[in-house]
Structure formats: C-alpha cells, structure tokens
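Structure first, commentary second.
Whatever order the structure lists ligands and atoms in, that order sets their numbers, starting from 1.
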Amino acid sequence: MNVQELNIIASAMVAPGRGILAMDESHPTCNKRFESLGIATTEEMRQAYRDMLVTAPGLSDYIGGAILFDETIRQKTLEGVPFAEYLRKNGIIPGIKVDAGAKVLAGHEDEKVTEGLDGLRERFAEYYELGARFSKWRAVITIGEKIPSWACIEANAHALARYALLSQEAGIVPIVEPEVLMDGDHSIERCYEVTELAQRITFQQLKNQGVALEGMILKPSMVISGASAKNRADIQTVAEQTIKCLMASVPVSVPGVAFLSGGQSDEEASAHLNAMNVMGVKLPWALTFSYGRALQQTAMKTWMGETANVEKAQNALLWRAKCNGSAALGKYTEAMEKQAA
Ligand code: 13P
C-alpha cells in the first residue's frame with residue numbers, strides 16, 4: 001500500500017472550495033427518482049442524465065471527485081468518451097460505489113447491514129483498470145425505539161473497515177460512510193449520541209484492521225433533528241453539535257470529512273456546511289460536501305429527460321455546486337440564493 005499516493009488523491013478530492021458529487025445511485029434508487037418525475041427508466045436515459053451532469057462546463061471549479069455507479073463507469077458520454085476518462089481529463093477524480101446495498105440484519109428486523117465484501121478484491125482490480133481512484137461504501141444506521149443495537153453498529157463498522165483496507169490495497173482511496181438516517185422524530189441530542197458512537201466504533205474498527213487514516217475520507221451525516229421531529233434544531237446548533245461530534249471521534253490524520261445531504265433541502269445543506277466553516281474552530285481536516293440529492297434534485301427536475309433542457313439543468317447543478325463550494329470555504333450567504341431566484 002502506498003499511503004503517500006492515497007493521501008495525495010484524498011487531499012485533491014477535498015481541495016479548498018471543492019467537494020464530491022455523489023452520482024452513484026443504484027438502479028432502484030435512480031429509477032425511483034426518474035419515475036416520480038415521469039422520466040423513462042431505461043439505461044439510455046440514465047446515460048443521458050449522467051452525461052448532462054458530467055459535461056456541465058466548469059464543474060471542476062467546485063467538484064474534485066465524482067462517485068459513479070457500476071453501470072456508469074462502464075458507459076460513455078453521449079460523445080463516446082468513457083465517463084471515467086472524461087472526468088479525469090476535466091480535472092475531476094472518478095470514484096466508484098462498491099457496496100451491494102444495505103440488507104436486513106439477521107435477528108434485527110428493523111436494522112440493516114451493508115453487504116458486498118465477497119469478491120471485492122477482484123472487483124477493485126477491475127475498477128482500478130476502469131479508472132476509479134476512490135470508492136464508497138455506505139452503512140445505514142436507523143434511530144428508533146431501542147435501536148440502533150450494538151450488533152448493528154459493530155457489524156457495519158467491521159464491514160466498513162474490511163472494505164476500506166481492500167480499497168487501499170488496490171490503490172483506491174476509500175470513502176467510509178456510516179450514515180445515521182434522518183428518518184424519524186428523534187431529537188438532535190439523540191442523533192448526537194448515536195452518531196458519535198457510530199463514528200467512534202467505526203474508527204476503532206478501521207484501526208483494528210490497519211486502515212491508513214491518511215488515505216481515506218470520512219463521509220458522515222450531520223448531527224441534526226429527525227426529519228419529522230417537532231422544534232427541529234436551528235442551523236447554528238446543527239453546526240455546533242456536528243463539529244463537537246467530529247472533534248470527539250475523528251482522528252486528526254484523516255485528510256477530509258465530506259458530508260452526505262441525507263434528505264436536507266438544497267439550502268439547508270449549504271447553510272449547515274457554511275455554518276461549520278465559519279465557526280472559527282481550527283479543524284484538523286478539510287470539511288466539505290459529498291452530496292447526492294442536494295446537488296442533483298433541482299437539476300433532475302429541470303432536465304425531465306429532455307435534451308432541450310440540458311443547459312438549464314446544468315446551470316442548476318453548477319449553481320448548487322457553487323453554493324456548496326462557497327460553503328466549504330465559509331463564504332456562502334443567503335443572499336446568494338436570492339440572487340439565483
Ligand atoms: P445524499 O446527499 O442524497 O444523502 O447522497 C449522498 C450519498 O452518496 C449517500 O450514499
């Protein structure tokens with residue numbers, strides 16, 4: 001394992017003012033989003049959609065890496081350039097989602113464990129050949145009555161660590177994603193408790209397996225009230241609790257922390273990230289975004305599967321990328337949103 005090389009890639013993915021575009025929706029997730037807008041759920045449409053995203057002019061001003069799905073890394077842009085090659089030539093590092101999804105955890109019917117370790121070494125070798133230089137594995141932790149269980153947190157952390165080491169062994173930077181879901185009416189205090197524990201146990205497992213922390217990125221969820229909670233915590237509180245949680249659990253040798261958006265609105269996701277970056281706390285890691293929905297949802301609704309809408313949709317994507325790139329520098333303002341409107 002060449003830790004220095006992994007560190008160079010990881011640092012480039014989260015360079016100042018840049019974040020990661022998560023465009024690695026699996027078929028079921030992508031199709032669900034297409035269906036809700038009446039877009040045909042075909043391979044050609046998924047290709048056309050991802051082409052619209054990837055070829056947005058100047059995307060690399062704000063985006064350092066793009067996470068692809070297995071189908072996409074094997075596809076080409078509409079002009080016939082493999083997506084991974086197109087990204088690389090345009091200054092964006094191509095990455096790949098490698099987990100096989102979250103499945104019900106045996107003995108714990110309300111909880112999930114992420115699968116996909118079987119044959120992963122061989123898959124990594126192929127993905128490297130296809131151009132991937134970083135990867136992603138998402139673990140899902142649900143907050144509810146009496147959950148998460150210790151079994152769920154430990155099983156997911158263990159799988160994340162085994163995945164991360166296989167990734168590094170292949171020369172591919174792992175994005176380690178222990179997502180605590182926003183679903184539910186839990187308080188921000190409860191979210192803090194669960195998120196800190198999940199992150200702490202994840203780093204313990206990463207250490208046990210021998211993962212080089214200098215050569216990875218953490219993709220956490222923010223510490224936030226449940227989506228259906230009453231009196232949801234405000235932006236400042238989310239920022240403070242999230243920073244407190246990261247400081248308590250993330251070692252300083254990790255080069256970057258890149259949040260998922262998890263169902264937050266576009267504006268919330270930008271405002272929360274910005275609030276953390278203007279707090280005045282000196283942070284040991286870059287603090288940026290790896291958003292899926294908060295970068296794409298407006299663009300997808302603008303596109304609607306029509307070639308005629310491509311330019312407008314690209315502008316919508318670029319706008320969210322710019323807002324979040326600014327938030328990563330602590331330079332995002334509400335006035336920017338008004339300007340866009
Ligand atoms: P969201 O930002 O839509 O939560 O997606 C990020 C992601 O990659 C989840 O794995």
Side-chain angles (χ1 to χ4, degrees), residues 13-14 19-34 36-37 49-50 53 62-70 72-73 92-103 112-116 132 134-143 156 159-160 163-164 167 173-184 191 195 198-199 202 216-224 226-227 238 242 256-273 287-301 316-317 320-321 323-325 327-328:
M13 288 161 63
V14 296
I20 298 160
L21 168 61
M23 48 176 287
D24 59 326
E25 298 80 9
S26 62
H27 290 337
T29 305
C30 184
N31 290 347
K32 199 167 74 191
R33 292 186 188 154
F34 275 13
S36 74
L37 295 169
Y49 176 67
R50 267 98 183 218
L53 297 176
Y62 318 109
I63 300 294
I67 318 173
L68 307 176
F69 185 59
D70 180 78
T72 320
I73 203 167
I92 298 175
I93 302 168
I96 181 77
K97 168 196 175 77
V98 299
D99 66 68
K103 308 287 158 66
K112 303 233 166 112
V113 65
T114 302
E115 297 187 350
F134 74 92
S135 66
K136 182 191 101 172
W137 178 290
R138 171 176 177 253
V140 180
I141 291 152
T142 310
I143 299 181
N156 276 296
L160 277 167
Y163 138 77
S167 187
V173 170
I175 294 186
V176 172
E177 181 179 8
E179 174 173 5
V180 176
L181 292 180
M182 232 168 99
D183 302 350
C191 181
T195 309
Q199 286 173 3
T202 298
M216 64 160 275
I217 301 285
L218 177 71
K219 176 162 173 165
S221 41
M222 294 181 194
V223 176
I224 192 165
V238 170
T242 304
V257 173
F259 293 103
L260 59 97
S261 60
Q264 298 180 43
S265 72
D266 293 356
E267 292 79 9
E268 273 177 327
S270 299
H272 284 144
L273 177 61
L287 200 61
T288 187
F289 60 93
S290 172
Y291 295 159
R293 282 162 287 180
L295 280 168
Q296 291 184 54
Q297 55 205 0
T298 311
M300 192 187 284
K301 275 188 210 141
L317 168 70
R320 288 326 310 167
C323 286
N324 292 312

Pair Arg50, Glu25 - check salt bridge (Lys or Arg N to Asp or Glu O under 4.0 Å), show working. CA-CA 11 Å; Arg50 267 98 183 218; Glu25 298 80 9; 3.2 Å; yes
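Summarising the geometry, atom OH belonging to Tyr291 is positioned 11.0 Å from atom SG belonging to Cys323; distances are rounded to the nearest 0.5 Å.
Checked against the 6.0 Å centroid threshold, His272 and Phe259 do not count as a close aromatic pair.
The salt bridge (charged side-chain N to carboxylate O under 4.0 Å, His left out) search around Lys219 returns none, not counting sequence neighbours.
Residues Val176 and Thr202 meet the side-chain proximity criterion, which asks for heavy atoms closer than 4.5 Å.
Annotation for Ile63 and Ile92: closest pair O-CG1, 3.5 Å, computed over non-hydrogen atoms.
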Filter the ligand 1-protein atom pairs down to N or O on both sides and distance under 3.5 Å, then list them.
unit_1	atom_1	unit_2	atom_2	d
ligand 1	2 (O)	Ser261	N	2.8
ligand 1	2 (O)	Ser261	OG	2.5
ligand 1	2 (O)	Gly292	N	2.7
ligand 1	3 (O)	Arg293	N	2.8
ligand 1	3 (O)	Arg293	NE	2.7
ligand 1	3 (O)	Arg293	NH2	3.4
ligand 1	4 (O)	Gly262	N	2.7
ligand 1	4 (O)	Arg293	NH2	3.0
ligand 1	8 (O)	Lys136	NZ	2.8
ligand 1	8 (O)	Lys219	NZ	2.7
ligand 1	10 (O)	Lys136	NZ	2.5
ligand 1	10 (O)	Glu177	OE1	3.0
ligand 1	10 (O)	Glu177	OE2	2.9

